[in-house]
Amino acid sequence: MNKHEIGELIETINAYETIIIFRHVRPDPDALGSQLGFKHAIQKLFPNKKVYAVGSTLDNLGFIGAMDNISDEIFKDALALVLDTANAPRIDDERYQLCKEIIKIDHHPPVDQYGKINIVNTKASSTSEIIYEILVDIGYGNDLITRDIARCLYIGIVGDTGRFLFNNTSSRTMAIASELLKYDIEHTQMINEMQQRDLTSMRFQGYVLQHFKFEDGVGYIFITKEILQQFNLSASDASLFVNTLADTQGIKAWAFAIDETSEIRVRLRSKDVVINTLAAEYNGGGHPLASGASVYSPEELDTLLTKLKALVNA
């Protein structure tokens with residue numbers, strides 16, 4: 001990311017009356033935080049423009065902010081800003097294709113550069129961190145940032161760094177978090193809301209801890225449709241427990257697989273070994289240590305797990 005890219009970004013935003021901000025399906029705090037934080041910022045920079053944020057929202061992340069429900073007609077001749085989404089098929093709302101122009105802002109490895117402008121920084125902890133850097137650059141310090149912007153970007157950074165526990169947390173990440181805390185954002189309350197689970201979800205977490213398997217440094221569990229029905233959980237709700245296995249002594253990597261009817265979605269995590277190349281073999285991708293993949297049968301899932309064990313123990 002450089003000043004030329006940022007200048008081109010702002011020049012393009014300035015050229016449109018309508019800006020629609022997208023992010024990936026199954027949103028996490030960074031997807032929502034960067035999306036809504038950037039929406040607030042554009043509204044402050046360009047108060048006469050129409051700015052919308054679109055996509056689905058998970059109930060437990062609703063506190064970050066609400067999405068806009070808009071008609072197909074609004075997408076025509078609009079500028080699409082797509083955040084935190086590595087490849088186009090994962091954009092939440094296919095109507096991005098109706099927009100006149102697309103800009104991508106992301107921190108995932110740049111496999112699919114689908115934007116006319118692609119601002120990608122894989123060294124950033126999160127897309128929220130990238131948005132902060134953009135706003136500081138165009139706002140002459142922190143003048144552009146408001147409390148609403150700060151709370152969105154902070155929770156995005158917290159989410160993608162695992163509350164600053166993951167190895168993508170840099171000294172720059174901590175410096176940015178420190179700056180955002182100056183805006184009185186009630187960070188403890190937000191983190192508690194992000195982590196809060198109802199009784200059913202807590203019992204599901206107990207099920208995961210009792211039934212996951214651990215072999216050759218790899219932990220894994222397959223959540224079937226029957227298990228989802230037993231706990232009255234959606235696949236999205238269940239996916240929030242992907243890091244339940246993380247604290248297992250001796251674990252090097254883990255796979256959290258959920259039957260989502262049309263596919264078995266496999267969330268892969270690693271302590272050290274790069275796994276996004278394996279995910280790419282199975283219709284997925286992501287970060288080196290946090291990726292997603294899709295398989296279409298229990299047998300294909302077994303093959304993926306066998307390759308994960310071999311990769312970890314190579």
Side-chain angles (χ1 to χ4, degrees), residues 1-2 4-6 8-9 12 21-35 38 55 79-97 99 101-131 133-134 156-157 159-161 166-168 170 239 242 253-257 260 262-296 300-301 303-304 307-308 310-312 314:
M1 184 173 64
N2 53 52
H4 173 74
E5 289 177 327
I6 295 174
E8 193 175 7
L9 167 67
T12 305
I21 309 177
F22 301 78
R23 37 77 184 153
H24 61 74
V25 296
R26 308 178 188 91
D28 55 20
D30 184 36
L32 290 168
S34 60
Q35 180 188 32
F38 206 23
L79 171 65
L81 300 178
V82 184
L83 310 187
D84 200 41
T85 309
N87 53 322
R90 296 198 70 227
I91 299 173
D92 190 353
D93 198 321
E94 294 183 353
R95 292 178 294 175
Y96 77 90
Q97 298 173 79
C99 294
E101 196 169 354
I102 300 172
I103 294 176
K104 172 186 178 182
I105 304 175
D106 191 26
H107 71 127
H108 297 91
V111 177
D112 181 4
Q113 296 290 65
Y114 50 80
K116 183 176 181 180
I117 301 171
N118 298 280
I119 299 175
V120 178
N121 180 8
T122 58
K123 295 181 180 179
S125 69
S126 55
T127 301
S128 294
E129 183 173 317
I130 296 174
I131 297 300
E133 299 283 25
I134 291 172
I157 292 170
D160 254 27
T161 60
F166 297 163
N167 64 0
N168 61 345
S170 67
S239 70
V242 61
W254 60 100
F256 200 92
E260 299 191 5
S262 61
E263 64 179 337
I264 298 173
R265 184 68 180 170
V266 188
R267 290 161 178 84
L268 298 170
R269 299 292 185 267
S270 172
K271 292 289 184 71
D272 184 48
V273 176
V274 173
I275 53 173
N276 58 349
T277 50
L278 176 61
E281 293 180 28
Y282 290 90
N283 313 291
H287 299 291
L289 305 183
S291 296
S294 295
V295 297
Y296 298 93
E300 192 177 11
L301 175 60
T303 302
L304 186 157
K307 289 185 178 182
L308 180 60
L311 183 65
V312 165

Those residues that, when tested against R90, pass salt bridge (Lys or Arg N to Asp or Glu O under 4.0 Å) (two or more places apart): none
Flag side-chain contact, heavy atom, 4.5 Å: P110 against T122: yes
Trace of the side chain to side chain contact (heavy atoms under 4.5 Å, CB included) decision for E133 with I6: CA-CA 10 Å; E133 299 283 25; I6 295 174; over 6 Å; no
Shortest non-hydrogen separation from N283 to S294 and the atoms involved: ND2-O, 3.0 Å
Smallest separation among heavy atoms of I102 and Y114, with atom names: CG2-CD1, 4.0 Å
Over 12 non-hydrogen atoms of neighbours within 6.0 angstrom of NZ in K123: no
Donor-acceptor pair between D30 and S128 side chains, under 3.5 angstrom: yes
S125 side chain near D160 side chain, heavy-atom distance below 4.5 Å: no
Working for side chain to side chain contact (heavy atoms under 4.5 Å, CB included), residues L289 and F166: CA-CA 10 Å; L289 305 183; F166 297 163; over 6 Å; no
Gap between atom CG of L79 and atom CD1 of I103 - 0.5 Å precision: 4.5 Å
Where V274 and L311 come nearest, the two heavy atoms and their spacing: O-CD2, 3.4 Å
Whether E129 side chain and I157 backbone form a donor-acceptor pair below 3.5 Å: no
Test item: R267 side-chain N/O and A257 main-chain N/O as donor-acceptor pair under 3.5 Å: no
Separation between CZ of F256 and CG of L268, rounded to the nearest 0.5 Å: 12.5 Å
Heavy-atom pair of closest approach, residues P29 and G159: CB-CA, 4.0 Å
OG on S126 to CG on N168, rounded to 0.5 Å: 7.5 Å
K104 (side chain) donor-acceptor with A86 (main chain) under 3.5 angstrom: yes
Option from D92, D28, D106 for which side-chain hydrogen bond (donor to acceptor under 3.5 Å, both in side chains) with R23 holds: D92
NE2-OG1 distance between H108 and T127, expressed to the nearest 0.5 angstrom: 6.5 Å
Non-hydrogen atoms of F38 and I105 that approach each other most closely: CE2-CD1, 3.8 Å
Backbone of D272 reached by a side-chain donor or acceptor of S270 within 3.5 Å: yes
Side chains of E8 and I119 in contact at under 4.5 Å (non-hydrogen atoms): no
Criterion side chain to side chain contact (heavy atoms under 4.5 Å, CB included) on F22 and E94, from CA distance to verdict: CA-CA 10 Å; F22 301 78; E94 294 183 353; over 6 Å; no
Side-chain donor or acceptor of D112 paired with backbone N/O of A88 under 3.5 Å: yes
From T12 atom OG1 to I117 atom CD1, the distance as rounded to the nearest 0.5 Å: 3.5 Å
Modelled atom types, side-chain donor and acceptor of D84 and H107, under 3.5 Å: yes
Expected output: side-chain D93 to main-chain G55 donor-acceptor under 3.5 Å: no
Test salt bridge (Lys or Arg N to Asp or Glu O under 4.0 Å) applied to E101 - qualifying residues, sequence neighbours left out: K116
Distance in Å, I130 CD1 paired with N121 CG, rounded so as to fall on 0.5 Å steps: 5.0 Å
Sequence-distant partners of R26, salt bridge (Lys or Arg N to Asp or Glu O under 4.0 Å), two or more places apart: E260, E263
Donor-acceptor under 3.5 Å (T277 side chain, I275 main chain): no
Side-chain heavy atoms of T303 within contact of Y282, under 4.5 Å: yes
Short side-chain to backbone donor-acceptor contact, N276 and S291, under 3.5 Å: no
Shortest non-hydrogen contact from A255 toward V266: CB-CG1, 4.0 Å
